[in-house]
Asks: 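Provided herewith is a single structure, encoded as structure tokens, for subsequent inquiry.
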Amino acid sequence: MGARAPGGACTVVVGCQWGDEGKGKVVDVLAGDADVIARYQGGANAGHTVHVGDHHIVLHQVPSGVLHAGKRCLLGNGVVLDVDRFFAELDGLAERGVDPGGRVGVSNRAHVVFPYHKALDAAAEEAARRKIGTTGRGIGPAYESKTGRRGVRVADLLDRVRGVERVGRAIDWARARLRELGADPGLAGTVEDALALAHRLPTVATDVGDELARALAAGGRVLLEGAQGTALDVDHGTYPFVTSSNTTAGAAAVGVGIGPTAIDSVIGVVKAYTTRVGNGPLPTAFDPAMDERIRRLGAEFGATTGRPRRCGWFDAVLAAYSARVNGLTGIAVTKLDVLDTLPELKIATAYRIDGETRSLFPACVRELEQAEPVCETLPGWRTPTTGARSMNDLPANARAYLHRIEELVGTPIAMVSVGTRRSQVIRKW
Ligand code: IMP
């Protein structure tokens, strides 16, 4: 591939908390300037909610950029593809007047999630002493199949005979594992069920890395969309309460098949407060009344599972750690408007762990479970921010809050979101 033309730019959008930061909205806004949008990890565990006009659309696998007519949307090799749900999502978009036809492609190297992965996910959670609280979408077992070299890739399913043979062997393995976990081996399902919609894969299978390299070489703009968040990364998150992929920006290049030197910028998405769904520590958790209030104001229920999200104050220890791990060049702060009615706000600037004040996000989940946040308090603004379209439109206390986040995270703010609609955004970039 030749040298990149001037103007070609590749941006990664990555979650910097425990997922649900509002990446879908940020990608939807940035996709307006991009030619190609590609997901680099995760699967149907993700839920990106985008509001366009009167439509409220939840995307699980298709990149949020699909809502812009004419944009090419790709799922990279780092994604685990739930074939049935993927095609149901495409068909659902077509029914709602968003025609994805011919614009959506899937890496021929992506691994496929089958019904037996979901059965194994449920059985492993049932058998576990410490439950992770997974989304039940088979994500962990699918990545285990991949690293265990038992996986089935999109390319394998393009040939029916090879597909039947590989899936048959994988189902035999899954039955044995289900038995070990004390579950009914019949839950692994049949080869016919597993391959029901595989005949549609040739319409979408592609070499994603090659497509992206060509787009960049031709001066095109590429957006790489992450799922979940930094604190759910299998290496850098709150292990073992994490998802099973690398969610962080370093995984973007690997997950779509380009080199890291192709990436120009990394936008980290942080919610103006913190939420977490699933099990594991949340050091800045609100008291129950405040938790209830913010959950209601921010509609904090899982987009995939409907589970209530736990809510807490902005955690600058985590956000600064995320800035370092992801090499952020800018941050997008979302849902600022949810805080509009609060008389005062807190930001955690350190943790007290075992009598020690620490500013570095700990590696050990047991330490994080004991962490008491050290907070500073800032005055609220008690004014609606939903109509703001520039920083100058914001009340002074809201600007001060954002400025403090910027200082603590050590990264300039590129965007602020003040509502669910595409237009409710302040762009500095
Ligand atoms: P899994 O990804 O389904 O294996 O779930 C592992 C952990 O990641 C659980 O705590 C889930 O709640 C969490 N998780 C997975 N996907 C998302 C997401 O898109 N947003 C927020 N949390 C998620």
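In listed order, ligands and their atoms are each counted from 1.
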Asks: Suppose we screen for side-chain hydrogen bond (donor to acceptor under 3.5 Å, both in side chains). Which residues come up paired with R309, at least two apart in sequence or across chains?
Replies: D20, E300

Asks: With side chain to side chain contact (heavy atoms under 4.5 Å, CB included) as the test, would you mind laying out the steps for D315 and Q17 before giving the verdict?
Replies: CA-CA 9 Å; D315 185 341; Q17 295 157 327; over 6 Å; no

Asks: Does a donor on one side chain sit under 3.5 Å from an acceptor on the other, for R307 and T305?
Replies: yes

Asks: Under the rule for ring pair (Phe, Tyr, Trp, His ring centres under 6.0 Å), what residues qualify as partners of F87, not counting sequence neighbours?
Replies: none

Asks: Tell me the ring-ring contact (aromatic ring centres under 6.0 Å, His included) pairs involving residues 278-329, sequence neighbours left out?
Replies: F286-W313, Y321-F361

Asks: Would you check ligand 1 and list the protein residues that come within less than 4.0 Å of it by any heavy atom, ordered by chain and number?
Replies: W18, D20, N45, A46, G47, I132, G133, T134, T135, Q228, L232, V242, T243, V277, G278, R307

Asks: Do E225 and K23 sit within salt-bridge range, that is, some charged N less than 4.0 Å from a carboxylate O?
Replies: no

